[in-house]
Structure formats: C-alpha cells, structure tokens
Amino acid sequence: MTTVTSIASRRAAPTSPPASLETIQLHAQAHNALSTALHFLGQPECTAQQLQTATARAVRAATLLKRASAAATIERKEV
C-alpha cells in the first residue's frame, strides 16, 4: 500500500493585503526626498547651501519612511 501525503496549499507564501493610498504616497515622497538629497550631493562643487539642503531632504525622507512604516503597521493590525 502506498502512503499519500496531502499538501495544504500550493502557494509558497501567503499574500499580503495591498498597501493603502497613504502608505504609497508616503513611500513616493520619501523616494523623492532621497533623490533630491542625492542630486545635491552629486554636484561637482557642492556648496555649503547645497549640503544643508541635502541634509534637510535626507532628514525629511527619514521622517516620511518612519510615518510609512507606522501606517503599514496599523494596516496589518486592522486586517
């Protein structure tokens, strides 16, 4: 007699719910802020003002990422 092992599911991993519009917007804003910071840092002659602007954009990006992470955590708890 042959032993048959049943497989519960064919999916490799459970699917996650889609991200909310708020989380997507925060992610996009963080991406734009980091892109701007890198643009200023990539200038051949980065002035003190450009360095200050790049730092401000990087800090803004970190804040936006923190907010996006918090929003995503709240979304997961609601599901």
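Below, each value reflects all heavy atoms present in this structure, side chains not excepted, and no hydrogens, waters or symmetry copies.
- In this structure L38 satisfies the side chain to side chain contact (heavy atoms under 4.5 Å, CB included) test with no other residue, sequence neighbours excluded.
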Please tabulate, for side-chain N and O atoms in residues 62-71, each donor-acceptor pair with protein atoms closer than 3.5 Å (sequence neighbours left out).
unit_1	atom_1	unit_2	atom_2	d
T63	OG1	V59	O	3.1

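- Every residue meeting the side chain to side chain contact (heavy atoms under 4.5 Å, CB included) condition with Q43, not counting sequence neighbours, appears here in chain and number order: H39, Q50.
- Grouping Ile, Leu, Val, Met, Phe, Trp and Tyr by side-chain contacts under 4.5 Å, direct or through others, puts L41 with L51.
- Of all the heavy atoms in A54 and F40, the pair that sits closest is CB-CB, 4.0 Å.
- Applying the side chain to side chain contact (heavy atoms under 4.5 Å, CB included) test to Q49 and every residue at least two apart in sequence or in another chain returns T47, Q52, T53.
- Pairs of residues two or more places apart, or lying in two chains, never qualify as side chain to side chain donor-acceptor pair (under 3.5 Å) while including a residue from residues 26-36.
- In terms of heavy-atom proximity, A30 sits nearest to A61 at O-CB, 3.7 Å.
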